[in-house]
Amino acid sequence: MTARALRKRCLAKPGATEEFPFGEATSVFKVAGKMFALSSLESKPLRVSLKCEPNLGEALRANSAVQPGYHLNKRHWITVTLDGSLPDAMVFDLIEDSYDLVVAGLPARERAATGRPAMTS
């Protein structure tokens with residue numbers, strides 16, 4: 001996966017924005033002001049940090065391309081090295097999951113603005 005494809009996929013999410021709070025080299029992708037992906041798009045190899053369900057994150061770490069989140073909560077974030085060892089479709093699914101986890105935690109009004117369904121109990 002290329003940096004361009006990663007950026008395009010993140011920005012395709014409803015309400016997604018790209019910000020640079022850590023300097024111009026680090027892209028932070030947010031929805032409603034909450035981060036769902038973080039990447040230094042110029043790094044070699046390319047890496048992306050994503051929010052992840054704790055049990056899934058633990059299982060994914062069996063693959064050497066998936067590590068605990070770099071400088072993030074290790075229980076809820078993973079850092080994926082995009083070296084081709086994981087299929088792009090899987091990385092796209094992880095981006096989708098990260099976005100959905102963040103949106104699920106938003107207040108109802110902000111969640112509705114993304115077009116995602118309201119959470120039910």
S.K.: Going by salt bridge (charged side-chain N to carboxylate O under 4.0 Å, His left out), name the residues that satisfy it together with E18, two or more places apart in sequence or in a different chain.
M.R.: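 Result, salt bridge (charged side-chain N to carboxylate O under 4.0 Å, His left out) vs E18: R7.
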S.K.: Any non-hydrogen side-chain atom of F36 less than 4.5 Å from a side-chain atom of K51?
M.R.: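 Heavy-atom side-chain distance check fails, nothing below 4.5 Å.
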S.K.: Could you state the interatomic distance from CZ (R9) to CZ (F92), rounded to the nearest 0.5 Å?
M.R.: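 Going from CZ on R9 over to CZ on F92, the span is 4.0 Å.
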S.K.: Using side-chain hydrogen bond (donor to acceptor under 3.5 Å, both in side chains) as the criterion, list what pairs up with S49, not counting sequence neighbours.
M.R.: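 For S49 the side-chain hydrogen bond (donor to acceptor under 3.5 Å, both in side chains) partners, ignoring immediate neighbours, are T79.
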S.K.: Output the distance between atom CG (L94) and atom CG (L60), rounded to the nearest 0.5 Å.
M.R.: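 The CG atom of L60 is 5.5 Å from CG of L94, to the nearest 0.5 Å.
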S.K.: Under the side chain to side chain contact (heavy atoms under 4.5 Å, CB included) criterion, do L106 and K34 qualify, and how do the steps go?
M.R.: CA-CA 9 Å; L106 295 174; K34 303 290 184 181; 3.8 Å; yes
S.K.: Does E58 CD have over 12 foreign heavy atoms under 6.0 Å away?
M.R.: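 No, the 6.0 Å shell around CD holds no more than 12 heavy atoms from other groups.
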S.K.: Verify side chain to side chain contact (heavy atoms under 4.5 Å, CB included) between C52 and D97, making sure each step is shown before the conclusion.
M.R.: CA-CA 7 Å; C52 189; D97 290 348; over 6 Å; no
S.K.: Group every Ile, Leu, Val, Met, Phe, Trp and Tyr by side-chain heavy-atom contacts under 4.5 Å, then state whether L101 and I95 land in the same group.
M.R.: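 As far as the 4.5 Å side-chain criterion goes, I95 and L101 are not connected within one cluster.
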S.K.: Is it true that, when you exclude E110 itself, more than 12 heavy atoms of the residues, nucleotides or ligands shown sit nearer than 6.0 Å to its CD?
M.R.: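 Yes, the 6.0 Å shell around CD holds more than 12 heavy atoms from other groups.
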S.K.: According to ring-ring contact (aromatic ring centres under 6.0 Å, His included), who are the partners of F29, at least two apart in sequence or on a separate chain?
M.R.: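 Not a single residue meets the ring-ring contact (aromatic ring centres under 6.0 Å, His included) criterion with F29.
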S.K.: Between R47 and L82, does a side chain to side chain contact (heavy atoms under 4.5 Å, CB included) hold up when you go through it step by step?
M.R.: CA-CA 6 Å; R47 292 182 180 90; L82 305 176; over 6 Å; no
S.K.: Who pairs with S43 by side-chain hydrogen bond (donor to acceptor under 3.5 Å, both in side chains), at least two apart in sequence or on another chain?
M.R.: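 S43 satisfies side-chain hydrogen bond (donor to acceptor under 3.5 Å, both in side chains) with no residue once adjacent residues are dropped.
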S.K.: Would you check if R61 and L56 make a side-chain contact, meaning some heavy-atom pair closer than 4.5 Å?
M.R.: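 No, every pair of side-chain atoms sits at 4.5 Å or beyond.
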S.K.: Taking all atoms of both residues into account, what is the closest heavy-atom pair of L46 and T2, and its distance?
M.R.: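 Scanning both residues completely, I find the closest heavy atoms to be CD2-C, 3.7 Å.
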S.K.: Just to verify, which of S98, C10, S39 counts as forming a side chain to side chain contact (heavy atoms under 4.5 Å, CB included) with L50?
M.R.: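 The option that passes is S98.
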S.K.: Sub-3.5 Å donor-acceptor pair from the side chain of K30 to the main-chain atoms of T17, do we have one?
M.R.: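 No, because the side chain of K30 does not come within donor-acceptor range (under 3.5 Å) of the backbone of T17.
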S.K.: Without hydrogens or angle criteria, can the side chains of D83 and T81 be said to hold a donor-acceptor pair below 3.5 Å?
M.R.: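 Note: D83 and T81 side chains miss the donor-acceptor criterion.
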S.K.: Would you compute the distance between atom CG of D100 and atom CZ of R111 and round it to the nearest 0.5 angstrom?
M.R.: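 Those atoms lie 11.5 Å apart.
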S.K.: Among Ile, Leu, Val, Met, Phe, Trp and Tyr joined by side-chain contacts under 4.5 Å, find the other residues sharing a cluster with Y70 and list them by chain and number.
M.R.: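 Noted: Y70 shares its cluster with no other residue.
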S.K.: Mind running side chain to side chain contact (heavy atoms under 4.5 Å, CB included) on N55 and E53 for me, showing each step along the way?
M.R.: CA-CA 6 Å; N55 292 337; E53 291 281 353; 5.7 Å; no
S.K.: Apart from L38 itself, what residues make up its hydrophobic cluster when side-chain heavy atoms of I, L, V, M, F, W and Y under 4.5 Å apart count as a link, directly or indirectly?
M.R.: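 Direct or chained contacts put L38 with F22, V28, M35, L72, W77.
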